[in-house]
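Comments concern the structure below.
Each chain gets a letter, A, B and so on, in the order its sequence line appears, and its residues count up from 1.
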Protein chains: 4
Amino acid sequence: MNVIVDLCVVPMGVGVSVGRYVAECQKVLQEAGLEHQLHAYGTNIEGDWDDVFAAIKRCHERVHALGAPRITTSIKVGTRTDREQSMQDKIDSVIEKEI
Amino acid sequence: MNVIVDLCVVPMGVGVSVGRYVAECQKVLQEAGLEHQLHAYGTNIEGDWDDVFAAIKRCHERVHALGAPRITTSIKVGTRTDREQSMQDKIDSVIEKEI
Amino acid sequence: MNVIVDLCVVPMGVGVSVGRYVAECQKVLQEAGLEHQLHAYGTNIEGDWDDVFAAIKRCHERVHALGAPRITTSIKVGTRTDREQSMQDKIDSVIEKEI
Amino acid sequence: MNVIVDLCVVPMGVGVSVGRYVAECQKVLQEAGLEHQLHAYGTNIEGDWDDVFAAIKRCHERVHALGAPRITTSIKVGTRTDREQSMQDKIDSVIEKEI
């Protein structure tokens, strides 16, 4: 089952600056070979359900290993059976309606 | 790794009334033996990371099988390494500060 | 416009224990006279759009005033024009399908 | 109070294709003069709290007016008192740690 996911990992108990924890998650996604795109409030990811969620679990493991005692993460996950749709398709479907 | 999760499954393309799809997810959680608590905008779940996310995947499979061609789901997932905390502990930690 | 909202306020830069900040938000909702129900990963709120969002803004102001330098909040907001629906109605519509 | 917001509006009861409703929200943000950036699972917005939330309310009004009887929207909202931070600053703070 293919998914498009939006991931936002928030480490707690490590102060206000969390960029290096988010960067660690980007590395995890990179290592997993998952297509992903960082934005200002999370990261879009595309791939097989199991691969994507295995990577998200590794994000938690690695962010804890970096010293964060608590993590609260928001995930949006979209699946559809009517047709295939990529992250770019979703963006294009909005942009073409704006014209 | 123990998790506390908040799950909100939104089937799309099936009209405005989605109660029976949410009820199906409750059944999935029940069958998985996971502690869970329905609220007005989602369901709190507690358990092992792998068990909880396996159940969430089954929710998507079963909601698609019931006829929903598209699903968008919101998940919050909390983990901590400093101490154990149950769903009820989280609620209690707020209520005791309100007194 | 009536809304049902799920609110989860996460103060950052104040350590791992955030119960007293969440308790402050409960007080804000109480003072605003808004119907609300705490759960393990947020708070359900019901009311007029403007009243609810004014209260959410006050939550941010008060949590900053308590010393949190950074806040990341998740909000789900539901509106419908086809019929009125309370928080309890949403729960009931699922439970009756489980029977 | 300046905010960075992530907005994801999901119209229900209008079938699986929701691009034109999301495009309407882009128009609302454009008309409001708010800086915003569409991604594959939502839109990042930056601005004053009141301006941003007034625009989000207009999104609900306009999406209902287009025919959607029900809407469920996810919002993330970030505020900080320690320093100013733009959407691009947030992205940069991650990218510089990846190098």
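Among the candidates B:Asp82, B:Asp89, B:Leu38, B:Asp92, the residue making the largest number of heavy-atom pairs closer than 4.5 Å to chain C is B:Leu38. Contacts with chain B were tallied for C:Ser74, C:Gly19, C:Cys8; C:Gly19 has the most, counting heavy-atom pairs under 4.5 Å. Annotation: maximal heavy-atom pairing with chain C below 4.5 Å, among B:Ser93, B:Gly78, B:Ala23, occurs at B:Ala23. For the set B:Gln88, B:Glu24, B:Arg20, B:Arg80, the entry with the most heavy-atom pairs within less than 4.5 Å of chain C is B:Arg20.
How far CZ of B:Arg83 is from OG of C:Ser17: 6.0 Å, rounded to the nearest 0.5 Å.
For CD of B:Glu35, the number of neighbouring non-hydrogen atoms (other residues, nucleotides, ligands) closer than 6.0 Å is 12 at most.
Contact annotation: the side chain of C:Val94 never approaches that of B:Thr43 to less than 4.5 Å [non-hydrogen atoms, C-beta and beyond]. The side-chain heavy atoms of C:Val10 and B:Lys76, taken from C-beta on, include no pair separated by under 4.5 Å.
Using a 4.5 Å cut-off between heavy atoms, C:Val77 touches chain B through its backbone atoms (N, CA, C, O) alone. Looking at C:Val18, there are no atoms closer than 4.5 Å to chain B (heavy atoms on both sides), in backbone or side chain.
Of the candidates B:His39, B:Gln37, B:Lys90, C:His39 forms a side-chain contact (heavy atoms from CB on, under 4.5 Å) with just one, namely B:His39.
Counting all heavy atoms, side chain and backbone alike, B:Tyr41 lies closest to C:Asp6 at CB-CB, 3.7 Å.
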